[in-house]
Each structure stands twice: as structure tokens, then as C-alpha cells.
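Notes to accompany the following structure.
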Amino acid sequence: MERVNFQVIEKKWQKKFALSNLYNKKGKKFYCLEMFPYPSGKIHMGHVRNYTIGDVIARFKYMKGFNVLHPMGWDAFGLPAENAARQNNLKPKDWTEENINTMRKQLKMLGLSIDWDLEVSTCNPDYYKHQQELFIDFYNLGLVSRKETYVNWDPIEKTVLANEQVINGKGWRSNAVVERKKLSQWFFNITKFSEELLQDLENLSGWPDKVKLMQKNWIGKSYGCEINFKIDNLDKNIKVFTTRPDTIFGASFLAVSIDHEISKNFVNNNDFKKFQEECSKIGTTEEALANAEKIGYNTNLFAKHPFIKGKKIPIFLANFVLMDYGSGAIFGCPAHDQRDFEFATKYGLPIIRVVSEKKDDQKSDLLEAYTGTGIMINSEFLNDLNIAQAKQKIIQEIEKRKIGISKTLFRLKDWGISRQRYWGCPIPMIYLEDGSVVPVEKSELPIKLPDDVDLNSSGNPLENHTNWKKTVQKKTGNPAIRETDTLDTFVDSSWYFIRFCSPNYKDAPYKLNDVNYWMSVDQYIGGVEHAILHLLYSRFFMKAIKLSNKKVNCSEPFKNLFTQGMVCHETYKDSNGNWLYPEEVDKQSSGKVLKKSDKSEVKIGPSESMSKSKKNTVDPETMINQYGADAVRWFILSDSPPEKDVQWSDTGVISASKFLQKFWNLSQLIVNRKEKKTLKKELEDFEIKINSTKFKIDKAINNFQLNVAIAQFYEVYKYLNDAIDFQIDNKKLKENFKDIIKLMIPFTPHIAHECLANLKCIDANKWPNINKKILENLAINMVVQVNGKTRDVLNINRDMNEKEIDKIIKTKSKAQKHIVDKKVVKTIYIKNKIINYIVK
RNA sequence: GCCCUCGUGGUGAAAUUGGUAGACACAAAGGACUUAAAAUCCUUGCCCUUUUGGGAGUGCCAGUUCGAGUCUGGCCGAGGGCACCA
């Protein structure tokens with residue numbers, strides 16, 4: 001049999017895929033989007049998986065008659081471009097563009113049904129001009145502010161990181177230990193949407209619960225109240241936020257953050273300085289802070305207990321109270337909060353129980369804080385209430401006495417967007433001589449990045465540039481200085497899906513009609529690592545854009561979200577402990593693995609997600625050249641469910657390639673098949689099998705069970721191979737075979753189209769009809785059980801009644817010997833499924 | 001510490017959502033074809049029985065049910081998210 005030349009047919013069909021008229025441009029809209037890539041150099045297997053999954057969905061929808069939007073772009077700003085440019089003495093722009101060209105070429109090799117006319121790149125002034133417009137819109141809406149705050153400073157990247165970019169106290173990209181630094185920064189006031197961002201999660205039924213939960217926890221809504229404590233002998237109050245106002249009678253101290261304004265009273269105090277030093281010694285990483293011992297500084301001030309006349313409780317400055325949550329002060333109730341318990345134990349403060357699990361259990365000493373349910377004790381008017389009732393009552397009382405107010409707090413913080421880097425979108429703000437800061441005129445946009453920057457000196461290249469920042473205010477002609485910070489690259493990716501709706505529109509970031517037609521994204525696909533950052537920011541952008549233009553009728557950007565798993569590969573180390581690439585090792589049939597260069601033994605490590613640092617990567621382009629794009633696509637979908645990690649295996653892709661070859665062989669056999677006469681019964685059975693396969697595949701794709709769909713193709717292949725010899729005429733056989741191949745187009749578009757062309761198929765891009773009537777008449781397998789144990793399976797007509805079945809079982813079935821001579825106590829009969837005899 | 005998810009052959013996984021456990025694939029062993037190899041195809045896969053058969057079996061222990069991989073409770077293990085958030 002002739003071997004199919006993958007290279008030739010893939011090139012041939014990719015030319016046709018490039019003509020957008022191949023795709024349906026009518027019908028109901030369907031916006032299919034995969035997270036766009038950062039152009040780091042070459043595509044990796046993670047991209048292959050992501051975009052192949054997306055392509056299956058997009059092609060599936062095209063074929064089902066939808067008008068599909070399936071674009072691609074580049075998340076092209078970012079620090080690696082600067083680093084690479086510095087190392088290779090290039091311009092970030094040139095480096096980025098070169099990578100884009102490479103990766104575009106590679107993506108095209110995969111045969112994706114992308115509409116390349118819509119391509120956008122975030123580093124292109126045509127794109128970031130509109131981002132600057134949006135920034136100004138947001139500014140005018142009061143959604144942008146400038147704040148002096150402690151920031152997460154990455155000492156390697158010399159830039160500020162958002163909280164979300166700090167992972168275990170380290171920079172998400174550099175892995176450097178993050179420092180605390182006070183800087184003036186630009187913020188998007190994402191917290192203005194806290195409630196909405198939380199509420200609207202409820203409507204996102206097409207999102208994984210896991211992702212919604214992560215966002216919910218991140219937003220972190222908590223109910224409680226604020227209480228004012230009067231400081232004794234001082235005309236001052238300390239505001240305290242608590243979610244447990246019910247435990248107020250157990251309060252034995254106040255603890256206040258070191259950054260709280262009250263600590264200003266002690267700046268000249270040597271003990272305080274010592275304490276401050278001690279705190280800073282602990283380090284600034286969240287991990288270190290979380291595990292650090294709780295220490296305090298006794299201010300010798302006292303607060304009046306708001307409900308116990310004459311009672312005074314000491315005020316401490318404490319390292320475990322955070323300034324940027326609540327009001328930076330708490331009341332300590334050691335009996336019912338573990339942190340307070342540790343603190344009180346250390347400083348010998350009273351531990352007063354106010355919640356008791358049982359009424360009589362109040363004498364034993366606590367070994368740790370009790371945080372469970374119970375009823376109130378030692379709490380005057382709250383006694384005998386449960387916690388919920390007590391909370392309600394005390395808040396009423398607090399409000400009545402005007403010493404506080406019920407309050408809801410969010411953990412979510414505003415989004416710091418300033419970056420002291422060159423390769424990002426310039427922030428369109430200017431500083432005037434009178435000290436005010438104003439946006440530039442929209443007509444001046446884009447504020448372009450300069451080409452001639454020095455990336456080799458430290459600090460912010462735009463700040464260091466000789467004249468870039470010098471400008472004049474257009475309206476007045478007065479001299480002004482440009483903002484030299486650039487935007488966090490997460491801003492770039494927070495609205496690209498909107499730009500895709502009208503990517504070439506020059507007048508505004510989006511064309512209203514196009515956005516209202518295409519948005520929201522019907523299917524968004526990407527890695528779960530973006531569950532919080534990117535998705536939350538994008539949701540914020542959509543809401544902010546809607547706020548700036550009431551005619552936009554979309555408030556959530558992504559209707560359905562699918563998060564795919566990672567691509568993994570085993571790791572290899574030589575005897576010196578150096579990582580080795582898979583192509584540097586040889587696998588022996590004995591199971592041993594040897595280093596190719598010197599035949600030394602190689603240690604195999606566990607399979608981990610592919611990363612350059614561990615060298616467990618496989619180059620997609622090499623694989624495509626070797627086995628064909630279809631085989632690579634097929635394998636990466638076949639082995640695991642898309643939401644789980646998949647193990648890359650060379651033998652797997654080889655077998656995928658072999659299967660496609662066999663499938664092609666089969667199509668040749670069918671093309672050249674000799675005519676046969678049809679036997680009615682054989683044709684019926686055949687059509688039942690083909691239709692049930694079609695049904696299962698269609699359903700599997702709908703459910704994102706692409707691995708299950710592929711298993712169906714393997715199964716039906718075997719069947720079709722036998723079916724060649726069935727008594728079925730060529731027309732019927734080919735018709736059914738064509739339908740099966742059409743189902744393969746989303747998975748392996750090149751070879752499927754090639755086979756269909758050989759079969760002279762004229763409507764290849766139309767999803768075949770499934771004859772449900774045939775399926776309804778399908779014979780079923782009736783399971784026959786005795787005492788719950790399966791004794792036989794009967795292939796019988798659908799909807800047969802119990803009596804008939806009982807007759808068959810008692811005369812012909814293998815189960816009869818388990819029933820005869822025994823008393824049938826009960827029979828459970830589930831139509832078309834099972835019959836279970838209970839015998840004694 | 002808190003929250004969430006998941007435990008099925010040597011491996012990746014299926015299982016119509018409470019109804020034949022292990023589809024499909026990888027790897028392995030045996031066989032066919034071949035002078036041989038490659039390629040291709042077939043068979044096997046826990047225990048007992050020569051076979052027909054029978055039994056055990058979805059991390060562990062209990063429970064609900066005619067029937068549990070699927071539901072409930074407890075335990076053990078793995079992964080993920082958050083982490084001094086008051």
C-alpha cells in the first residue's frame with residue numbers, strides 16, 4: 001500500500017485553510033478564543049495542546065453552521081524581551097517581531113482554523129494607542145488612582161509586582177525574594193467592583209467550579225462590624241474591624257499594626273525602635289511572616305471597653321496585624337482566636353471564655369483557642385444566645401450606642417499597574433510644573449515608546465532617556481514631564497478579546513456594534529494558572545468598559561471557560577546531575593536509558609510539566625516534521641482528558657501517526673472497492689453502528705471529552721475495516737464512511753480533508769446529520785442478574801416487556817440454572833437496562 | 001492552619017451519572033507471517049479449574065440499596081488554592 005505523504009498534503013490543505021471563505025460566515029455567532037501566547041521564541045507543547053483543543057471546538061462549530069470568530073494574537077510586551085535584547089544586543093521590538101514571525105509560522109504548521117486577518121499584537125502602537133484611550137476613560141471614571149503604598153519590589157527585575165505576582169514571597173517570574181518598598185504607584189480601582197465581581201460569579205455557569213471558588217476566595221468577602229475604642233486619657237479613638245463582635249466580652253487587649261498612625265507617638269522611643277528592628281528582622285516574605293512568632297510592643301496606653309464600665313484593656317503594637325486590611329487594628333479575644341491566644345499566652349494577658357461548647361464546660365483551662373460553635377457565657381446580655389444570634393444582637397447594640405457600624409470587608413486589593421520597565425505600554429499621564437498630574441489629550445495618542453533606549457544601565461530606561469519624558473501640555477503649551485512607568489502587561493491581555501471584534505478599527509478601542517455582536521466569548525480556553533490574575537482583570541475591564549459606555553451590553557467577558565492541563569514529560573539526569581534533553585538520551589529495550597554522547601547511564605526522573613530549566617521539553621516543530629501535524633494533534637488529544645495533565649510520549653505519537661496511515665489506507669480501499677449487492681439486514685446493522693458512533697463522538701466533543709471521541713475513532717476504524725467485506729453497496733458504504741471522516745476534520749483536518757477529496761466529497765465542511773431514529777430502534781443489552789450478580793447479558797429488542805424477557809431468561813439464558821429450583825422472592829426490572837432476580 | 005479536588009490493571013484512561021468495571025491506547029509476554037529483522041496481524045493480562053465455569057476486585061473501614069467506581073460517614077494518601085485577612 002502506498003504511504004501517505006503528510007508533508008505534501010498538510011502544505012496543500014494549509015493553503016486552502018488560509019482562504020477564509022472555507023469557513024461559514026453565516027449563522028449564529030460563536031466566539032472561540034484561546035489565551036494568546038507570549039512570543040518567547042518558539043511554540044511549546046503547551047501551546048500545541050491549547051490551540052489544538054481550541055481548533056477542535058472552532059472547526060466543530062464551523063461545521064455545525066455557526067459563524068465562528070477564531071482569532072489569534074500576541075501578548076507581546078514583557079520583560080523577557082528586554083533581557084533577551086540586552087543579552088543579544090538587539091532591540092526588544094526586533095526580538096519580539098522575530099519571535100512572532102517564527103511562532104506564527106509554527107502555528108500555521110498545525111493547520112489551525114485561525115482567521116489570521118484579525119491578528120493583533122499588544123506591542124503595536126495601533127493596539128496600545130487604544131489601551132491608552134481606555135486608561136484615560138477609566139481615569140475619567142475615577143477608576144484610576146495614584147497612591148503611595150508599600151509595594152512588592154522585585155530586586156532582580158527592578159520592578160513592582162502585584163500581589164498576585166508574588167508567589168510564596170517570591171517574584172512569579174524571577175523567583176527572587178520580594179522586598180517591601182514604599183513608592184507612588186498607579187492603580188486600577190478594581191475594588192470598586194468587588195461586590196459585582198463576586199456576585200456575577202454566580203451567573204458563570206460555564207466556568208469550572210474550581211476557578212470560581214478561587215476567585216471567590218481571592219475577593220474574600222467577610223461580614224462583621226467596626227467598633228470604636230476610646231483611648232484612656234487621650235482624645236483619640238482606635239477603629240477596629242471584627243467578624244466576631246460576639247466575643248467582645250472576651251476582649252483582653254487591642255493590637256495595632258506598626259504602620260498604624262498611633263505608632264507615630266513612639267518614633268522617638270528607643271524601645272519602639274528596637275521593636276521595629278526586631279519585626280523587620282523576620283523578613284518580608286509572606287511565608288516568613290506567617291510562621292513568625294507573634295511579638296508585641298506595649299504602648300502603656302489603655303482602651304476603654306465599650307460594654308464593661310470601668311474596664312480598661314492594654315494596647316499593643318503587634319507584628320501580626322496588617323495595616324492594609326480593615327483598619328489596621330484588632331481587639332484580641334484570646335479564648336476564641338488562635339493568634340490572640342498565642343499572643344496572650346506570651347504576654348500574660350487574661351484569657352476569658354465567652355463561648356462554651358457545653359454549658360457546664362467552662363472551668364478547664366484552654367490549651368488552644370476554641371473557634372467552634374456554642375453558646376455565649378460571661379457576656380452579660382448576650383449570655384445563652386448562640387453565636388449567630390449574639391452577633392446580630394451585639395451589632396444592633398453597637399449601632400444603637402453609636403460606637404460602631406456593621407461592615408462588610410473585602411480581601412481584594414486595588415490593582416497596582418505601574419512598572420518601572422521599558423517594554424510596556426506607556427501610561428498616558430503628564431506631570432505639570434504646579435505638581436498636578438493630568439492625562440494627555442486623546443488626540444496625542446499613541447504615546448509611543450522611543451526606539452533609542454539604553455537598556456544596560458540599571459533603573460527605568462524611560463526615566464533615563466535623555467528627552468523622551470520632556471513634553472508640553474497641549475492645551476496650555478506649558479512644559480510637562482511624562483509618566484515614565486509603563487503598564488503591567490496584564491493590562492494588555494485584559495481587553496484583547498474585545499479588540500478582536502474589530503481589530504482594524506482606527507477610531508476607538510472597539511466598534512460598538514461589533515462588540516455587541518461578538519461578545520461575550522462563547523468558549524475561552526487556556527491554562528488554569530490564569531484562574532485568578534488574568535481572568536479577574538479581564539472581568540474588571542469588561543465591567544469598566546461597560547461603565548464607560550452604557551451601550552455596551554456585555555458585562556462578563558467569558559461565557560464558558562475551559563482550563564486545560566499541562567503537557568508533561570519524564571526528566572533525565574546524567575551521572576553528574578545535569579539535566580538532559582530527551583533527544584540527548586537513548587532508551588534501550590532493556591529499559592535502561594543511556595546518554596547518547598558517552599553511553600553513560602541516565603537517571604529517569606518523574607514526569608513533570610515541560611520546562612526549559614529541566615530540559616524535559618519536546619520541540620513541536622521537530623515532531624510535526626517527523627510525524628505530521630495531524631499525528632501531533634491526534635496524540636496530544638488522545639491520551640488524557642483535556643482538563644488533566646498529559647504525558648508526552650514518543651511511542652504515543654508514533655502510534656498516532658501509524659493509525660492515521662492505516663485510516664488513509666482504509667480510505668484508499670474504499671475508493672477502489674468492488675461493487676457489492678446490499679443485504680438489507682447487513683446495511684441496517686451497519687447504519688446503526690455508524691450512527692451510534694456519530695452520536696457518541698458528537699456528544700463527546702460537546703462535553704470536551706476529546707480523548708473519548710478519539711477512542712471512538714479507533715473502534716469504528718476496526719469495524720469499518722471489516723465492513724469492507726459486508727454485503728453493502730458502494731454508495732451506502734461510502735456515504736457512511738464519509739460521515740465518519742467528516743467527524744475527524746476537527747481533530748486531523750489535513751488528512752481528513754484529503755481522504756474526503758479522494759472520495760469526491762463535495763460538502764466536506766458540513767457536520768453530518770445523525771439519524772436518531774435508527775438509534776431509537778437499536779437493540780439493547782439487557783443485563784440479567786441473580787441476587788445482584790450478573791449471570792447473562794441478552795441482546796434483545798428495545799422496549800420488550802418483562803414477561804417476554806422472563807420467558808427468554810427461563811428457557812434460553814445462561815442465568816436459568818441460578819433461578820430454577822429456587823424461590824424467586826422479588827424481581828427488579830428496569831426497562832432496557834437490567835433485570836435482577838432475588839432468590840432464596 | 002483553612003478551603004477545594006482527586007485516589008480504577010505495569011501505564012494513560014473509559015464507564016450512558018446508581019445498573020455488564022477496565023472501552024480505547026501505551027508498555028509487556030506469547031504466537032502468526034518472514035531465512036532473519038523491520039512492518040503488520042492475532043492472543044493473553046488477579047485467584048481457583050484442563051475446559052465449560054466459579055470467585056475476588058475501583059486507596060482503607062463501615063453504611064444506604066435488589067444492586068455502589070458512582071451516594072453517606074470516618075480514616076489514609078496525592079495534588080491544587082489561600083495563608084497572621086481579625
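Quick note on labels: first sequence line is chain A, next is B, and so on, each numbered from 1.
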Regarding A:Tyr325 and A:Ser222, do their side chains bring together a donor and an acceptor under 3.5 Å, going by distance alone?
yes
note: A:Asp650, atom CG; B:C26, atom C1'; distance rounded to Å ~ 12 Å
| query | On a plain distance test, is the side chain of A:Gln338 in donor-acceptor contact with the base of B:G1 below 3.5 Å? | reply | no
* Sub-6.0 Å ring centroid separation between A:Phe316 and A:Phe343 -> yes
Do A:Asp799 and A:Asn832 have side-chain atoms, one donor and one acceptor, less than 3.5 Å apart? yes
Test log, rule ring pair (Phe, Tyr, Trp, His ring centres under 6.0 Å), inputs A:Tyr627 and A:Phe635: CA-CA 11 Å; A:Tyr627 305 108; A:Phe635 170 70; 9.9 Å; no
note: A:Trp648, atom CH2; B:A25, atom P; distance rounded to Å ~ 18 Å
Checking N1-N3 plus N6-O4 or O6-N4 for Watson-Crick, or N1-O2 and O6-N3 for wobble, each under 3.5 Å, the partner of B:A62 is B:U72
Between A:Thr790 and A:Pro641, the residue closer to the 5' end of RNA chain B by nearest nucleotide is A:Pro641
Quick one: is A:Asn707 getting a side-chain N or O under 4.0 Å of the B:A14 phosphate, OP1 or OP2? yes
Syn within 90° of 0, anti beyond: B:G73 is anti
Are any of A:Ser655's side-chain N or O atoms less than 4.0 Å away from OP1 or OP2 of B:C26?
yes
Can you say whether a donor on the side chain of A:Lys294 sits under 3.5 Å from an acceptor on the base of B:C84, or the other way round?
yes
